[in-house]
**Q** 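Structure provided below as structure tokens; questions to follow.
In each ligand, atom 1 is the first atom listed, and ligand 1 is the first ligand listed.
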Amino acid sequence: MGSGTQTSLKSKVILLRQMTTIETLRAKLPFPLKPLADLAYNYWWSWTNDRISLFQGISPDGWQNCGRNPVAMLESASYVRLTQMAKDPTYIKRVKALAQQYHHYMQEKNTWASRVAPQITWEHPVAYFCAEFGIHESLPIYSGGLGILAGDHLKSASDLGIPMVAIGLMYRQGYFSQRLNRSGWQEESYIYNPFDRMALEPLKNEQGEPLTIELEIRQRIVKVQIWLARVGRVNLYLLDTDRDDNDPMDRWLTGHLYGGNQDTRIAQEVLLGIGGIRALQALGITPSVYHLNEGHAAFCTLEVARQEILGTGKSFYDIEESVRSRCVFTTHTPVPAGHDVFSSDLMDSYFAHFWPTLGLSREQFLALGARRLGDPWEPFGMTVLALRMCRSANGVSELHGQVSRKMWNILYPERAEKDVPIGHITNGVHARTWTAPLMADLYSEYLGEDWSTHVADKQMWAKVDEIPDEEIWWRHQVLKERLIAHTRAKVKMARLERGEEQYLIDAAEQLLEPNVLTIGFARRFSLYKRGDLLLRDVDRALRIFGNSQRPVQIVFAGKSHPQDEGGKRIIQRLMDWCKHPSILNRVALIENYDIYTGQKLVQGVDVWLNNPRRPLEASGTSGQKVCFNGGINCSVLDGWWCEGYQAGADGKGINGWAIGEDAHTSDQELQDRIDAESLYRLLEEEIVPLYYDQDANGIPHRWIEMMKGSIKTNAPVFNTDRMLADYVTQVYAPGTSATKEPILASALA
Ligand SMILES: *Cc1c(COP(=O)(O)O)cnc(C)c1O
């Protein structure tokens with residue numbers, strides 16, 4: 001009897017933990033709500049117009065409590081509530097309409113890609129590799145810009161019908177959660193991702209068992225399982241080593257994004273690159289192009305080579321060109337220290353078994369990642385490997401292209417800098433993800449119902465001029481109020497949690513005001529981004545922010561890498577500033593920056609501030625998101641803003657402001673002084689006066705003209721539809737090579 005009880009107990013436990021699947025969810029839902037199951041399992045819902053109240057309408061609190069994860073929300077929704085919704089004819093009609101729209105979207109054959117690039121087929125798609133993907137806040141496997149860009153890339157690829165699959169890692173705990181303690185110091189915590197309640201499907205083999213691949217890491221065989229996340233038409237395959245049959249250490253290989261030391265780092269990159277290619281093979285997918293988004297995935301070129309050698313019996317140098325013809329590379333880092341390199345010791349321990357399969361000696365193999373040959377201390381560089389093994393390489397803005405050519409000239413010593421084979425495709429953002437539905441609605445009215453499928457059309461955006469000032473202004477103000485409400489709630493909660501004094505907790509409810517000029521600053525806190533540049537002259541800053549007639553307020557958000565003490569000190573300084581008695585309601589910092597807070601910020605601010613040390617911002621994309629919502633950029637001329645900023649005949653900006661103009665020096669201290677002075681001057685003499693120049697009804701017409709300038713000049717260019725079109729025509733399409741003839745590894749051997 002004892003054992004019988006045990007078994008039934010055990011099976012109950014298993015039952016409780018059973019994975020939610022589309023089938024179990026569909027079975028749970030009342031008949032007219034069944035289409036919600038398919039919608040919940042495809043992140044496509046997150047960029048539809050109807051996204052706000054579709055799931056939220058079922059249970060507003062449940063929706064927030066489960067982090068806006070529709071699978072978890074539907075799973076936990078009460079039967080009473082579901083049946084209530086199922087008898088509401090209006091709601092049923094909405095579900096039905098959206099289900100039809102979804103069906104149409106997924107089935108559509110006449111897509112942009114089918115007309116422009118029919119040579120890229122679903123039989124041989126583009127395979128996009130990245131270490132992080134920022135698709136929705138309920139899939140927390142991203143840390144920042146690189147991941148968000150990758151997420152936006154997949155969404156536009158899907159919208160345009162570009163045959164694409166993607167490969168990444170499914171992190172058990174993702175990146176860290178940020179909490180600031182009472183002294184303003186960042187503390188990191190790690191939260192388990194509830195895989196069984198997420199929009200993830202475990203891939204199975206024909207026997208119904210988990211589909212796995214194997215690879216050797218640290219002299220052990222590691223088994224890898226694969227999750228599918230659907231991003232519209234694009235399948236994102238996420239590799240996961242957390243399996244009972246793996247060594248406990250190997251189970252944590254996919255524990256954290258960018259956590260751990262060099263050893264974890266190389267292990268993850270082996271998994272992403274080599275494991276990724278094996279996963280595609282196990283899935284029966286033969287890509288025509290492998291896109292390495294940043295150097296992390298560059299080992300994939302070696303596995304493509306190994307398989308080709310295995311299949312043809314040829315030597316590495318004979319098949320090298322064939323591998324190159326299928327691989328393309330995007331670099332994202334403008335500083336040498338930002339590129340992953342591994343010591344030859346690490347390379348030995350991870351690849352000693354691998355280079356013989358390529359028919360290479362140790363020296364020949366290590367030469368693939370060496371900047372300079374014949375130097376025994378030269379580490380193995382992932383960017384170097386990618387540049388050698390890819391037919392095309394690009395930076396992510398025009399300036400970053402230049403900086404990259406200069407940085408990597410060392411690989412091509414007999415060439416002039418301008419002939420280094422690295423081009424550029426400037427980043428963009430996914431318009432439908434980042435445009436607030438309230439603004440999207442306005443665009444539907446004035447630019448056309450189909451505005452969101454024509455976002456690269458300059459003429460269409462010119463019609464923004466026809467929008468009445470009052471109309472755009474009230475919408476903008478509502479979005480600002482939404483940001484203020486979000487900020488107050490987050491700050492209050494944080495102050496409560498860290499046990500601040502009662503007056504500070506109460507003060508959170510008075511934070512910020514809708515009629516005050518509102519600046520946003522959100523990004524990773526690291527020294528080069530100079531998050532505290534505004535505080536160089538504290539008294540001057542206090543005069544600007546604390547002005548009683550024309551006050552200014554600012555909202556900060558951002559994490560600092562756990563090992564970046566300098567970045568953490570900047571956060572601490574800002575937290576200190578938030579408590580300054582004369583500007584208590586004018587400055588706020590939102591903890592734990594994520595896509596949700598990001599959307600509230602870029603949709604609600606008047607001005608987006610960005611003041612990195614030039615030229616360290618490869619592109620930056622948050623300022624682009626702001627443009628789609630009528631926000632105005634005030635930024636150093638770095639990254640994308642060099643291409644975005646436009647000045648009129650009087651030398652003043654027509655679509656935003658340029659900090660420090662084009663003045664630059666290698667003296668950091670001097671540069672900081674010049675830029676801070678310029679920023680103060682812009683605020684005092686241009687930005688504040690323009691904002692407060694309002695008519696009797698409080699409408700700032702000249703400001704709104706600038707808002708419209710920001711939208712109509714930037715939106716048609718800095719979007720991912722334009723970016724994907726560039727990738728398709730310049731990089732992906734067979735026979736294209738964005739860059740000049742590259743150098744073969746064989747020439748180095
Ligand atoms: C857009 C975005 C980023 C990247 O912003 P940058 O301007 O490139 O620094 C980072 N994190 C989140 C949450 C974002 O939405």
**Q** Of the backbone atoms (N, CA, C, O) and the side-chain heavy atoms from C-beta on, which set of Y596 has a member under 4.0 Å from an atom of ligand 1: side chain, backbone, both, or neither?
**A** neither
**Q** Got K155 and I135 here, is their nearest side-chain heavy-atom distance under 4.5 Å?
**A** yes
**Q** Is the shortest distance from a heavy atom of Q599 to ligand 1 less than 4.0 Å?
**A** no
**Q** Give the residue and atom name of whichever protein heavy atom lies nearest to atom 4 (C) of ligand 1, and the separation in Å to one decimal.
**A** G145 CA, 3.4 Å
**Q** So which bit of D594 gets within less than 4.0 Å of ligand 1, heavy atoms only: side chain, backbone, both or neither?
**A** backbone
**Q** In terms of residue, atom name and distance, what is the protein heavy atom nearest to atom 11 (N) of ligand 1?
**A** Y593 CE2, 3.4 Å
**Q** Please determine, by modelled atom types, if N427 and Q624 share a side-chain donor-acceptor pair under 3.5 angstrom.
**A** no
**Q** Is there a nitrogen or oxygen of R523 sitting under 3.5 Å from a nitrogen or oxygen of ligand 1?
**A** no
**Q** Please report whether the ring centroid of H339 lies less than 6.0 Å from that of W408.
**A** yes
**Q** Can you name the atoms of ligand 1, numbered from 1 with element, that are less than 4.0 Å from a heavy atom of K529?
**A** 9 (O)
**Q** Check the angle between the aromatic planes of W451 and W461 and answer parallel, tilted or perpendicular using the 30° and 60° thresholds.
**A** perpendicular
**Q** Under 4.0 Å from any heavy atom of S622, which atoms of ligand 1 are there?
**A** 5 (O), 6 (P), 7 (O)
**Q** Looking only at protein heavy atoms, which one is nearest to atom 8 (O) of ligand 1, and what is the separation?
**A** T621 N, 3.1 Å
**Q** Tell me whether the rings of W45 and W63 are parallel (<30°), tilted (30 to 60°) or perpendicular (>60°).
**A** perpendicular
**Q** Can you tell me how far CZ of F329 sits from OG of S392, rounded to the nearest 0.5 angstrom?
**A** 10.0 Å
**Q** At a 4.0 Å threshold, what atoms of ligand 1 neighbour a non-hydrogen atom of K625?
**A** 1 (C), 2 (C), 3 (C), 14 (C), 15 (O)
**Q** Taking the inter-plane angle between the rings of W640 and F718 on a 0 to 90° scale, is it parallel (under 30°), tilted (30 to 60°) or perpendicular (over 60°)?
**A** perpendicular
**Q** Does the ring center of Y258 lie less than 6.0 Å from the ring center of H296?
**A** yes
**Q** Looking only at distances, please establish whether an N/O atom of ligand 1 is found under 3.5 Å from an N/O atom of S143.
**A** no
**Q** Which residue, H332, E132, H153, forms the side chain to side chain donor-acceptor pair (under 3.5 Å) with N293?
**A** H332
**Q** Does Q624 approach ligand 1 within less than 4.0 angstrom via side chain, backbone, both or neither, non-hydrogen atoms only?
**A** neither
**Q** Enumerate the atoms of ligand 1 whose separation from the nearest heavy atom of G620 is less than 4.0 angstrom.
**A** 7 (O), 8 (O)
